[in-house]
Participant: 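Just dropping this structure here.
Quick note: residue numbers are just sequence positions, from 1.
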Amino acid sequence: MCHVRKSHLFGGICLITCFILSFNFYWPRRYQLTRLGSPSICGGQAPNDTITPLKGQRTFIISAYKDNREGNIIRILGIVHHKEVKELYCYFCCNSNTNVYPTRAGIDIHQDRFGFPYGLADIICTEPPDCRAEFVSVHWSPSEVVHNLTSFRIRNRDPGQFTANFTVCFSAMFGNYSNVLQFVQTIEMYKILGAQKVTVYLNNCSRQMEEVLQYYTEEGTMEVIPWHIQRYLKVSHNWQYPNDGTEIGYYGQLSALNDCLYRNMYSSKFVVLNDQDEIILPFKHRTWDTMMESLQWENPNVGIFLFENHIFPQTVVSDGNFTNTSTWNEVPGSNLLQYIHREPDRPNYFNARKMIVDPRAVIQTSVHSTLKQYKNSKYVPLETALVHHCRGPLQPQLPREALIEDKTIWSYNGSLIVNVNRTLTQVLEKL
């Protein structure tokens, strides 16, 4: 039996740094959509972007996934208008890809839409008996000519072995993102902690950041997914609808996170859902592997682990007098090792959390909790780990002595400095 979350944990306290768009954003041309084969001989066109609009239907398809947990279910992730999309059909090309079978879809709009007109939906179809379709198309009519439709390859058809213990999912990178130093430090910390893969949904970034993404892609650490959502919808910088004519929140963050979850469902033992300025930092253990082994042994029925978010304000700087870091001054961005003071919890405010999940235990996720799942959730106590969130302060009025000194990240400085320097040497040579 699956569990449905009855109330969202986003609350009114999720503060998001907003970026002001300009016309100078750099879109890296080398990141193009990876095509998963050609459409079947039943016809149809291949998608030419990560997000595909269905003409005149107020529906945008992201990806189609075989949900091996639920028999013949095909789960298609799409963005839909919550009032106007009432009926959709899936077209399966079966029997050696020569016969087309339309079936009516269920439309399950995720509850965390936060007031915007458009939200993520699971478009759910049952594959016909004795049908093993490679592609599926979607339309509002059950009698459309399939040659006129876009055909989406069905992913996760044959689950294989895990290729990663931990995959980190970032939602949309936008706003000409240029915090190169902190990003490199964060990725190297993830690798030290045990991550083998990071997935980034890229809207735009600076040229220096593009070189970093390319370096990690060539290294095999990173998968970059093009995310041009502003081509199709009026995007907001806010997570909650500000009644300003925008159509979807925070560059489609929830859509990207859910797609990342399903994209890595059968290739990664765990998926880490956090932002690019956050690190889940253990206290009792040295790595995520040992931490999660302990947490799973203590909580065998839990598949979703939630970690407290703690702000390390970038306005309070400390000097660890580390050697071999002089070249970092030439790199744009913040230096994580300078921030070792965290804010205390604010009275009467919910402490937002981020997650490490068993992806096969999750049906739908939001940012700070799952919405539907097969297993239980667990709040991980602060003495075990926290989310090290290095950003601007939430309590700027606090003096330095009111903050909590936390040098945990310094315990990784030896490996971290060596690894960051190696990456920056490779990247700076290309700039």
Side-chain angles (χ1 to χ4, degrees), residues 25-36 49-50 62-63 155 162-229 251-253 255-280 287-288 331-333 336 354 356-357 359 415-416 418-431:
F25 289 161
Y26 174 64
W27 171 251
R29 295 181 180 178
R30 68 187 78 182
Y31 294 116
Q32 304 297 330
L33 181 70
T34 300
R35 296 184 183 273
L36 296 178
D49 200 354
T50 308
I62 303 168
S63 296
R155 298 172 180 264
F162 294 146
T163 57
N165 283 337
F166 294 90
T167 295
V168 181
C169 290
F170 290 155
S171 58
M173 177 183 285
F174 63 93
N176 203 26
Y177 185 84
S178 60
N179 193 350
V180 172
L181 180 58
Q182 183 175 337
F183 185 87
V184 170
Q185 291 172 324
T186 300
I187 300 301
E188 294 304 331
M189 275 299 301
Y190 289 159
K191 290 159 67 176
I192 291 170
L193 290 167
Q196 288 83 33
K197 181 182 175 185
V198 178
T199 303
V200 177
Y201 286 74
L202 178 59
N203 187 270
N204 52 47
C205 65
S206 69
R207 290 185 180 274
Q208 295 101 324
M209 194 67 225
E210 148 69 0
E211 293 297 341
V212 172
L213 297 179
Q214 184 64 21
Y215 170 82
Y216 282 122
T217 300
E218 293 173 353
E219 183 187 63
T221 300
M222 191 165 289
E223 180 182 19
V224 178
I225 310 297
W227 192 248
H228 306 124
I229 191 169
Y251 281 76
Q253 178 185 34
S255 302
L257 287 177
N258 279 271
D259 184 66
C260 191
L261 181 83
Y262 276 89
R263 185 178 290 264
N264 295 286
M265 181 165 288
Y266 299 106
S267 60
S268 189
K269 184 177 181 181
F270 296 103
V271 166
V272 183
L273 299 167
N274 61 209
D275 293 335
Q276 53 221 15
D277 57 358
E278 297 172 333
I279 302 169
I280 294 176
T287 66
W288 288 343
V331 181
L336 279 177
K354 293 299 174 74
I356 297 179
V357 304
S415 299
L416 180 61
V418 170
N419 295 350
V420 169
N421 284 338
R422 183 184 63 247
T423 298
L424 291 178
T425 298
Q426 298 292 323
V427 172
L428 290 174
E429 287 179 353
K430 300 178 181 180
L431 296 178

Participant: Should Val200 and Met222 count as side-chain neighbours, where that means a heavy-atom distance under 4.5 Å?
Facilitator: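 Answer yes - side chains close enough.
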
Participant: Hey, are the side chains of Tyr190 and Thr221 touching, using non-hydrogen atoms and a 4.5 Å cut-off?
Facilitator: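 Counting from C-beta outward, Tyr190 and Thr221 never come under 4.5 Å.
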
Participant: Write down the atom of Pro359, the atom of Met265, and the distance for their closest heavy-atom approach.
Facilitator: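 Nearest heavy atoms, Pro359 then Met265: O-CE, 3.2 Å.
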
Participant: Can you list the steps and then say if Tyr215 with Val184 is a side chain to side chain contact (heavy atoms under 4.5 Å, CB included)?
Facilitator: CA-CA 11 Å; Tyr215 170 82; Val184 170; over 6 Å; no

Participant: For a 4.5 angstrom cut-off between non-hydrogen side-chain atoms, does Asn179 reach Asp277?
Facilitator: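 No, their side chains stay 4.5 Å or more apart.
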
Participant: Is there a side-chain contact between Leu424 and Leu181 (heavy atoms, below 4.5 Å)?
Facilitator: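 In short, these two side chains touch, coming nearer than 4.5 Å.
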
Participant: What residue pairs, at least two apart or across chains, pass salt bridge (Lys or Arg N to Asp or Glu O under 4.0 Å) with a residue in residues 167-186?
Facilitator: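 Matches after skipping sequence neighbours: none remain.
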
Participant: Drop me the distance from Ile187's CD1 to Thr423's OG1, to the nearest 0.5 angstrom.
Facilitator: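 Here the interatomic distance stands at 9.5 Å.
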
Participant: What heavy-atom pair brings Asn274 and Glu278 nearest, and what distance separates the two atoms?
Facilitator: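 Answer, listing the atom of Asn274 first, then Glu278: CB-OE1, 3.3 Å.
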
Participant: Consider only side-chain N and O atoms of Glu218 and Gln214, and report whether a donor and an acceptor are under 3.5 Å apart.
Facilitator: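 Note: Glu218 and Gln214 side chains meet the donor-acceptor criterion.
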
Participant: Please find the pair of heavy atoms, one from Cys169 and one from Leu257, that lie closest to each other, and give the distance.
Facilitator: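 Taking Cys169 first and Leu257 second, the nearest heavy atoms are O-CD2, 4.1 Å.
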
Participant: Can you give the donor-acceptor pairs under 3.5 Å from side chains of residues 192-199 to other protein atoms, not counting sequence neighbours?
Facilitator:
unit_1: Gln196; atom_1: OE1; unit_2: Asn165; atom_2: N; d: 2.6
unit_1: Gln196; atom_1: OE1; unit_2: Phe166; atom_2: N; d: 3.1
unit_1: Gln196; atom_1: NE2; unit_2: Gly194; atom_2: O; d: 2.8
unit_1: Lys197; atom_1: NZ; unit_2: Glu223; atom_2: OE1; d: 3.1
unit_1: Lys197; atom_1: NZ; unit_2: Asn264; atom_2: OD1; d: 2.8

Participant: Return the CZ to OG distance between Arg263 and Ser63, rounded to the nearest 0.5 Å.
Facilitator: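 Nearest 0.5 Å value for the CZ-OG distance: 5.0 Å.
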
Participant: Phe183 vs Tyr177 aromatic rings, parallel, tilted or perpendicular, using cut-offs 30° and 60°?
Facilitator: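 The rings of Phe183 and Tyr177 stand perpendicular, inter-plane angle above 60°.
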
Participant: Please find the pair of heavy atoms, one from Leu273 and one from Val271, that lie closest to each other, and give the distance.
Facilitator: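 Heavy atoms only, the tightest pair is CD2-CG1, 3.8 Å.
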
Participant: So do the side chains of Asn258 and Ile62 get within less than 4.5 Å of each other, counting heavy atoms only?
Facilitator: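 Side-chain contact under 4.5 Å: no.
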
Participant: Per the ring-ring contact (aromatic ring centres under 6.0 Å, His included) rule, which among Trp227, Tyr201, Phe174 passes with Tyr251?
Facilitator: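 Testing Tyr251 for a ring-ring contact (aromatic ring centres under 6.0 Å, His included) against Trp227, Tyr201, Phe174 leaves exactly one candidate, Phe174.
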
Participant: Do NZ/NE/NH1/NH2 and the carboxylate oxygens of Glu210 and Arg207 come within less than 4.0 Å?
Facilitator: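 No salt bridge links Glu210 with Arg207.
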
Participant: Identify the heavy atoms of Met189 and Leu416 that sit nearest to each other, and give their distance.
Facilitator: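 Closest approach of Met189 to Leu416, heavy atoms only: CG-CD1, 3.8 Å.
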
Participant: For the residue pair Asn419 and Lys191, establish whether any side-chain heavy-atom pair is separated by less than 4.5 Å.
Facilitator: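 SC-SC contact between Asn419 and Lys191 ruled out.
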
Participant: Donor-acceptor pair, distance only, cut-off 3.5 Å: does the side chain of Asp275 make one with the backbone of Phe170?
Facilitator: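 Flag not set: sc Asp275 to bb Phe170 has no pair under 3.5 Å.
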
Participant: Side chains of Met173 and Leu213, heavy atoms from C-beta outward: is any pair under 4.5 Å?
Facilitator: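 Result yes, sub-4.5 Å side-chain heavy-atom pair found.
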
Participant: Look up atom CD in Gln182 and atom CD in Gln276, then write down how far apart they are to the nearest 0.5 Å.
Facilitator: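 Interatomic distance, Gln182 CD to Gln276 CD, rounded to 0.5 Å: 9.0 Å.
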
Participant: Working to the nearest 0.5 Å, report the span between OG of Ser268 and CZ of Phe162.
Facilitator: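 Answer rounded to 0.5 Å: 7.5 Å.
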
Participant: The criterion is side chain to side chain contact (heavy atoms under 4.5 Å, CB included); which residues satisfy it with Ser178, sequence neighbours excluded?
Facilitator: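 Per chain and number, Ser178 pairs via side chain to side chain contact (heavy atoms under 4.5 Å, CB included) with Ser206.
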
Participant: Going through the checks in order, is the side chain to side chain contact (heavy atoms under 4.5 Å, CB included) test met by Val180 and Val427?
Facilitator: CA-CA 10 Å; Val180 172; Val427 172; 5.7 Å; no

